[in-house]
Amino acid sequence: MNDIAPAPFQKAAPDVSKALRGFIADVGPTVALSLESCVHCGQCAEACQFYVQTGDPRYTPIHKIELFKQTYNREMGPFSFAYKFFGLAPKLTQETLTEWQDLVYDSCNMCGRCSLICPMGIDIADLVEQTRHGMYEAGLAPSDFLGALAEKEHATGSPFGLTSEKFRDLLHEIGATHGVTMHVDEPTAEIVPTISSIDVKTYPGSMAAIAKILNHIGKPWSFRTDGFDADNVSLTAGDRAGQAAITQAIVSAVTACGAKILVMPECGHSFTEMRWEAANAHGKDLPFRVLQITELVAESIQSGAIRVNKISQTATYHDACQLSRRGGATAAPRVILAALGVDVRELEDAGDANWCCGGGGGVALIKRAQPLRDAAFAIKKKQIEASGAAIVYTSCSGCRQTLDHGGKAAGWNTSVGSLLELVADNLAARAAA
Amino acid sequence: MTLLSFARGPGMQVATLILIAGMFWRLSGILLLRRRVAHAAARNPFAVRLLGGAVTIFTRAIPRRTFWPRVGAGVVLNYVFHIGLFIVLFGGAPHILIIHEIFGVAWPDLPKGVIVVASGITLAALILLLVRRLCHPVLKMLSKPDDYISWLIVFMPIFTGILLSGETVAGYGALLAWHILSIEALMIWLPFGKLMHVALVFAGRGMLGYNFSRKGAAT
């Protein structure tokens, strides 16, 4: 990450008025209801890895959105006149915004475990996302490296500034290295895959794996160099304009070649963004389906379009929060693992109540957050070790990276693997026609 | 005009008016905000989403098993208080009589001994909840004046109700007046603070259940 430029957008002092506008810009009935409902029961703290591991009450999830709540109460809530007149909600200040920066970014994976426990039905993870909008506008996205990556993504369409030409060259190079036919910028395609920039930097084999699987399915497919990087760091940084620009580039690319399916890579946040938010930013229904790669593989296994060899392996699976709890795709990886004949030792709390690896929500991209990230990872580490499996699979390269780094730091013998690559390595040979 | 006649007459009228108008104002201020149309293709049809919302209203009442070791004590204490309050409110003979007068419906009352015990347990639970709020680092940090005002506003009707049933510290008329006035204070405060959860809990859980059913995610 040394080639990332410093973030010129970050100001010496946060812009209070921009923060205020950023907080309340998108408040509709659902968000307002959430902001009005908290009864201060504190249960969300007990679901949060950062509170559970540190015991510091500041990490109580609902406390992280306090500035947003105060701004809502003061500026647009049903009793805003009283809040202003009696001074019941303090004004935003540069000091409070700065004070809350680490709570909104460093100590929240946006994993939504707090949203799963809240007895009032408050989607706290969604409120944190909204809070980050205001913090980003104020210039408070941590520049080292989350804010810087978001800025580069906003300017170039890719957090690492990967251009269309470089991406095209990279794909052909990967195709040649792995002996896989790559389809790039075909005029028409039925399926369009996208990639995560983590794959480019760390796991290029996953792009070969996608190509291998799509070749196996046999339907016309193509990477598009005019909309390929689905990472969407902007989403986790809180840059709404950048977030919309990334999704719109992909929507245009997929639409241009008439594709029916957009395949999202092994990346949690990019999936929730494209699957659940992109159509809203686009302003109308998308003319294609959005499937995470595990969903496409699971569907294809069930329809017979993909055949896999049985393997003899004992493994465990780590659910990426954005795919399972936040995305509704909990079942797909288990369909795949069952088809492969893997003896799955499920982790405690596996599936919808899983614990985050510690790197979600852009926390993996905040250098100073490492001690907190490690504290959160300790839960996952303990669970994986308790499973007794020698390998842990996941379907999110962000999680994979966090597990890789955490495991190495802990001197692990446990391997970390990609479910996508496992499938690609075990595709059954097609019978001759 | 005596204190009792004030409490029964204009006091109750004003409290009812503020309760209804305040709740209406707060709910419409939330629900009439501009709604964004959700364009993403839902995993479930409308009826399933609606059912998801309705079911979540009930399922969110009990935390998932995995959360119990960390939140169980607080949840049980809150339930003891809420169930106790429900028994006193809807099982006590005088309360049923008032409900019958206003709404024309009635049901058999519980023995006075049961109500006395339930009142005592409810009050004890409420005091323990306050102690917990003052001692637990998370609750202490989260608490605002509203939390303590709301606690007092709920404490008073239960406390005066217990005094009224015993008629020990003052005459029946005076105690009844104070009991009614404390209820009116609760009615007046309810729309403005956290006691509004009597309505928001259903809306919040229902909305979350609907939205997560749309995604096919756990509610």
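Hydrogens, waters and symmetry mates are skipped; everything else that's a heavy atom, side chains included, is used. Letters go in sequence order (proteins before strands), and every chain restarts at 1.
- For A/E348, no part lies under 4.5 angstrom from a heavy atom of chain B.
- With a threshold of 4.5 angstrom between heavy atoms, A/R289 does not approach chain B through any atom at all.
- With a threshold of 4.5 angstrom between heavy atoms, A/V52 approaches chain B through its backbone and through its side chain.
- The part of A/T60 that comes within reach of chain B is its side chain, from C-beta onward, which places non-hydrogen atoms under 4.5 angstrom from that chain.
- Only the side chain of A/Y72 comes within less than 4.5 Å of a heavy atom of chain B; its backbone N, CA, C and O stay farther away.
- A/M274 does not touch chain B: none of its heavy atoms, backbone or side chain, sits under 4.5 Å away.
- In this structure, the portion of A/Y51 lying under 4.5 Å from any heavy atom of chain B is its side chain and not its backbone.
- Using cut-offs of 30° and 60° for the angle between ring planes, the A/W100 and A/H63 rings count as tilted.
- The contact between A/A329 and chain B is made by backbone and side chain atoms together, counting heavy-atom distances below 4.5 Å.
- When the shell of 6.0 Å around CH2 of B/W25 is examined, it contains 12 or fewer heavy atoms from other residues, nucleotides or ligands.
- Looking at A/W276, its side chain never comes within 3.5 Å of a backbone N or O of B/A40 through a donor-acceptor pair.
- With a 4.5 angstrom heavy-atom cutoff, A/A47 touches chain B via backbone and side-chain atoms both.
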